[in-house]
Amino acid sequence: MGFVQGSEVFTLLERVSLDLRFPRLKEGCLPKATLGQPIFLECDAFSLPAMPLRVLATVSYEEGVDVFDMEPAGNDTYRAQLTPKESGRQPVTLIASEDPYRAALEGLKIKVNASVAQILDFDDVIQLALKRVTGLHKTLRKSKFHQAYFSYETGLMVSHYEKTVSVLNRSLSTLRDVTESEVVAKDVASSLIETLSNEVLLRICSVPPRREEATQRSFELYVENKRASFGFWYELFPRSFGGLNGVRDVLPHLSNLGVDVVYLPPIHPIGVTKRKGKNNALTAAPDDVGSPWAIGSKLGGHDSIDPSLGTVEEFRSLVVAAREHAIAVALDLALQCSPDHPWVREHPEWFVHRADGSIAHAENPPKRYEDIVPINFFPDKETDRESLWREIHRVVLYWIDNGVRTFRVDNPHTKPMAFWQWLIQEVQRDYDDVVFLAEAFTRPKIMYRLAQIGFTQSYTYFTWRHTPLEVQSYMEELLSAEVLSYFRPNFWPNTPDILAGTLRWGSHSDFAHRVFLAATLVPSYGIYSGYEFLENQPFSETSEEYLDSEKYQIVKRDYAKGAPLDGLIASLNRFRRDHPAMQRLGNVLFLRTEGANLLAYLRFAPETDDFILVVNNFDTKNVTEGAVYLPSELPGGRSFEEAVGYDALSSDSYTFRKGHNFIRLDPSKVPGHLVSLNIKR
């Protein structure tokens, strides 16, 4: 909208400043939510000269629009809580508009309280109300903007329109029948103020009669199912179980352990050329099985299963059996090839060629991966790029057709962002329940950008955070408003590539401490098989690789006999499933402690009275004594004096009070306290 004066063109700018605070959005960022879990919207809004505002949030669904009033929270901040009720991409719009009627009414109240109000003052407010009510009534008949945006109250407005106008006209009649002195009298003024403060009238008058009077900000919110934000992942190599049927046989054990997602490294045929031997040896023995990430041979590529593991029918049977145990099967999406992959022969244009015409193998100096050739995602010809991307999309859909809805993506930071953004959007357009976990141990901004363009979850630096200060600082970074809106961390104490920190030659207490920490800090965490068996031998004094790594050989474990950490892991997962506070991201309140080795925090879901106290002991060798301080007011505005709770790990009963609480933890017995607080009202 603009107007012309002389030779210059002036644009009428927005009357209300409206900036989204949470989620904070960058260009191309896709904020996330979980179906059925409440999320918070927050914005800054103000107008000059200062005037009361009406700020609302709308969420559009197939069957209609939900509208929420955003409440003022001080310092020109407005907040609203909403619970998404449909999965997929949901359009969200914030609209802020000035509320001149409320401003005029507040000014009138001040004059009345000061005994200086005059008839004209009341007349001004009533005429303003009539103008806005009649103007909005006309607009509603023809404005799709108002009909959609205020769908939750347009019925109220239309049905109360005549009544509201009648009330205002009676107020005008009252003014005509009184004197100035009578208006100053408290009884007449109070009666008029009460009439003009009617809630229906306030709501009607707060709606902008014209669309141009409202400032809007819109974005898409991607709503996913619970698996996208909560779960215990378990990584295993099917060949160490005798194949896919062996994995199916161990499903009851994994279910008892509390596994939500069983993640399989690549199950495709493995190349022969430059195959690696045990412990990454450059020369393989005849019976060496090679690395599953060297994908492809004459037996097939990314849409094939290595015959030694089983058939497609057996894979489908595994997926169905896992689902019966409430376990999802996740596949590794590793976009790289063995030199023997069919793509190398059929589409050499999809790969990088060296000066001598040979296809380059993968490198990460000083590491060399002669058994792997990387894909060139931007070949010289646009048609080649399109055919490559479409082929990868076809492969993903192939596994979706075979029951897979979860993919762990290998090294996504070594592939173009544009490709991932395209692929994820293409897949989730038709299958909005598909989860993509980014295995991206890389620079923070790259990890965050992968999340912004659509990755559901991400590996993190948790693996290398070993002190209370390091862990708390990292969590505070992940829980900042900007990061929290799009980045879902998945904490892994170990992976087949990483045996880090205290786990190297670590004790039972070291392993218990790390899994306890991961399970209680975030909704999603995982372990690589062998963790519960306390496998702790690194390849060397300096390496984080495992000795006799399962990446290059078959490793047998006695699951029937059980593992030292089975009981702890099962207890942690039962507790997590029983408590809503453990299933959300962002609800962590760190507490003051005394004792260098203690880290304490609350997990909370106030609407269900679920408050969890976690105290973690980082000294895995010695008994630790110290203190934890609880606040007098808990999240959600709950006052707190004391609470009795049972420790989920020791079954001991404790009473915790506001302020100082003595703590004594013996790492040989439990890694920490995990207590559901029964708060006395």
Side-chain angles (χ1 to χ4, degrees), residues 30 32 222 224 227-229 231 233-237 261-268 291-296 301-303 328-337 341 343 362 364 369 372 374-377 388-400 402-429 431-463 486-492 495-498 524-526 528 551:
L30 186 64
K32 301 176 179 67
Y222 193 70
E224 298 175 280
R227 179 166 39 87
S229 61
W233 291 55
Y234 188 87
E235 178 178 3
L236 60 83
F237 286 73
V261 180
V262 59
Y263 152 50
L264 312 181
I267 59 175
H268 317 300
S291 167
W293 283 274
I295 297 170
H302 284 75
D303 56 358
V329 173
L331 278 190
D332 197 298
L333 182 59
L335 298 182
Q336 58 201 35
C337 300
H341 196 293
W343 288 351
N364 184 17
Y369 304 95
I372 294 172
I375 296 171
N376 178 12
F377 285 82
L388 168 63
W389 290 21
R390 290 295 177 190
E391 171 64 4
I392 295 171
H393 181 234
R394 182 195 67 79
V395 166
V396 174
L397 293 185
Y398 172 81
W399 292 111
I400 289 175
N402 283 286
V404 177
R405 289 295 188 275
T406 307
F407 295 90
R408 178 269 199 189
V409 180
D410 188 68
N411 286 323
H413 55 289
T414 62
K415 286 82 178 175
M417 292 280 182
F419 165 75
W420 292 123
Q421 190 166 18
W422 173 83
L423 179 68
I424 293 173
Q425 186 167 328
E426 285 289 300
V427 171
Q428 292 182 339
R429 182 178 58 198
Y431 303 93
D432 59 26
D433 60 339
V434 172
V435 169
F436 291 93
L437 170 63
E439 188 251 357
F441 295 113
T442 184
R443 302 189 300 279
K445 290 181 181 178
I446 297 176
M447 294 169 67
Y448 294 156
R449 187 58 183 159
L450 288 166
Q452 290 169 1
I453 64 172
F455 273 93
T456 312
Q457 298 182 14
S458 178
Y459 283 57
T460 67
Y461 298 129
F462 166 77
T463 319
Y486 53 78
F487 188 81
R488 292 196 186 111
N490 197 321
F491 279 7
W492 290 69
T495 76
D497 303 294
I498 304 170
S524 294
Y525 81 110
Y528 152 58
K551 291 189 298 181

Quiz item: Does the ring centre of F455 sit less than 6.0 Å away from the ring centre of W420?
Solution: yes
Quiz prompt | Residue pairs passing the salt bridge (charged side-chain N to carboxylate O under 4.0 Å, His left out) test where at least one lies in residues 434-444, sequence neighbours excluded | solution = R408-E439
Self-check item: Any L423 side-chain heavy atom under 4.5 Å of W389 side chain
Solution: no
Quiz item: Under 3.5 Å, is there a donor-acceptor pair between the side chain of E224 and the main chain of D432?
Solution: no
Quiz prompt | Whether H268 and H302 hold their rings parallel, tilted or perpendicular, with breakpoints at 30° and 60° | solution = tilted
Quiz item: To the nearest 0.5 Å, how far apart are CG in D410 and CD in Q336?
Solution: 5.0 Å
Self-check item: T463 side chain vs W492 backbone, donor-acceptor pair below 3.5 Å
Solution: yes
Self-check item: Y222 (side chain) donor-acceptor with Y486 (main chain) under 3.5 angstrom
Solution: no
Practice problem: Verify, without hydrogens or angle tests, whether K32 (side chain) and A451 (backbone) share a donor-acceptor contact under 3.5 angstrom. | Solution: yes
Exercise. Check whether any side-chain heavy atom of D497 lies under 4.5 Å from a side-chain heavy atom of F441, and answer yes or no.
Key: no
Quiz item: Has the side chain of E235 got a donor or acceptor atom that lies under 3.5 Å from a matching backbone atom of G526?
Solution: no
Practice problem: Among W422, W399, Y431, F419, find the residue that satisfies the ring-ring contact (aromatic ring centres under 6.0 Å, His included) test when tested with H393. | Solution: W422
Quiz item: Looking at I295, D332, L331, which one forms a side-chain contact (heavy atoms from CB on, under 4.5 Å) with I267?
Solution: L331
Quiz item: With distance as the sole criterion, is a donor-acceptor pair present between the side chains of S524 and R488 under 3.5 Å?
Solution: no
Practice problem: Can you sort out the partners of F407 under ring pair (Phe, Tyr, Trp, His ring centres under 6.0 Å), two or more places apart, ordered by chain and number? | Solution: F436
